[in-house]
Amino acid sequence: MYSNDDSILLCVLKLLKSSNSRYVSGQEICNKLKISRTAVWKHIKKIRLLGYKIESKQNLGYRITRSTALPLPWEITSNLKTKQIGKTVYYFDTIDSTQNFASKISNQNNSGTVIISQRQTSGKGRLGRKWASPAGGIWLSVILHPKFDVSYATLFPIASSLALCMAIEKILNLKPELKWPNDVTINGKKVAGMLVDISIESNHIENLILGVGINYKVDTKKLNSSLKNSEHFYGAGSLLKKSQEANPTKLIQSFLYELEQICNILDNGNVDAIIKKWTSKSSTIGKKITVDTAGSKMSGKAVRIDKDGALVISKNGSEHRLLVGDVNYLRIR
Ligand code: BT5
């Protein structure tokens, strides 16, 4: 696990980064950081394993020639434009689920902490479903102790999928769509999903853990064949193609910024703005749909979402509100 407190490793890295492609000698690193030559060598090896390219020349020392493509904590926090979200970041190569780790460490003082993993062995979807989390995706959780009203708890997954949609538009220049309640899609394929674990005490939100799964640059062939028999599967897409260069840090930074804006809007109670924006990017509203909800099905026309995120369906002249469910679009022949 790495965090933005990883002191000596980070000091070595900072020294190399600040040298502006000049070689830094091993001796200079030893002197400045008061560590042994062996320690320097070990840290350089670790930094290389993290994906940074470091050239070394006898009698000259070391210099960085390429940064990492991994969303490491110090890369996320550097130039991050948020006030609170993402100021502390933990990064894992492999974890069972970032949601589990987040709920273990969550306390009243660490709102905004982000946990990222390269892979998850037991990634979770909603309602006890599995979430496939191979390398190449962005799997993260955000710990929040929000101030907003408890009645917005069910709107939050919708609002956070809007935040991700806006970040994808800005950073990758793509046009994703939003599928009620928590999916981000491209060409009708799921590229991201949100999971919200929440605890409510005496009518206020005590603890909220937002889980975000993004198929950033994943092998879609493998993913689709491993998922084809899973519950409510309608196809998985990837934001980036194999040939595209990955820079997940930029997307994560932009998402955390948009998420903070969304939280501020919710704090001020101005949910109409969120609903309007979500609706403009939604592939659900206006469509004839069937919603699977707790074992039963309801078909009708999706007309709007309410302030609490409920999907309103009109059927035979009357309206029905649904708070949980999975939408299937009816094919128009
Ligand atoms: C979701 O659930 O979409 C919520 C996904 C949240 C995952 C994140 S990753 C970081 C954090 N840590 C975790 O352990 N979880 C969160 P739901 O709407 O219930 O969708 C689950 C369904 O999506 C599955 O039953 C599959 O059909 C499908 N699915 C599973 N993995 C997928 C993937 N990688 N891409 C597209 N579809 C997938």
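Atoms within a ligand are numbered from 1 in the order they appear, just like the ligands themselves. Values reported hereafter were calculated over all heavy atoms of this structure, with side chains retained and with hydrogens, waters and symmetry mates removed.
- Atom NZ of Lys277 is surrounded by 12 or fewer heavy atoms from other residues, nucleotides or ligands within 6.0 Å.
- In this structure, the separation between NZ on Lys217 and CD on Gln244 is 7.5 Å, given to the nearest 0.5 Å.
- Between Phe148 and Phe156, the distance separating the two ring centers is shorter than 6.0 angstrom.
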Derivation and outcome, side chain to side chain donor-acceptor pair (under 3.5 Å), residues Ser283 and Tyr329: CA-CA 9 Å; Ser283 61; Tyr329 296 129; 2.7 Å; yes
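- Of all protein heavy atoms, the one lying nearest to atom 9 (S) of ligand 1 is Gln120 NE2, 3.3 Å.
- Heavy atoms of other residues, nucleotides or ligands lying less than 6.0 angstrom from OH of Tyr216 number more than 12.
- The contact set between ligand 1 and Val212, taken as ligand atoms under 4.0 Å from a residue heavy atom, comprises 8 (C), 9 (S), 10 (C).
- Relative ring orientation between Tyr2 and Tyr91 is described as tilted, the plane-to-plane angle lying within the 30° to 60° band.
- Distance from atom 4 (C) of ligand 1 to its nearest protein heavy atom, with residue and atom name: Met194 O, 3.4 Å.
- Taking atom 28 (C) of ligand 1 as the reference point, the nearest protein heavy-atom neighbour is Phe233 CD1, 4.0 Å.
- Contacts with ligand 1 closer than 4.0 Å are made by no heavy atom of Asn100, backbone or side chain.
- The closest approach between a heavy atom of Leu127 and any atom of ligand 1 is not below 4.0 Å.
- For atom 2 (O) of ligand 1, the nearest non-hydrogen atom from the set Gln99, Lys179, Arg126 belongs to Arg126.
- Although no hydrogens or angles enter the test, the distance criterion places a donor-acceptor pair under 3.5 Å between the side chain of Asp219 and the main chain of Lys222.
- For the ligand labelled ligand 1, residue Gly123 lies inside the 4.0 Å heavy-atom shell.
- With atom 25 (O) of ligand 1 as the reference point, the heavy atom nearest to it among Lys130, Lys124, Glu231 is part of Glu231.
- In this structure, atom 31 (N) of ligand 1 lies nearest to the protein heavy atom Ala132 N, 3.0 Å.
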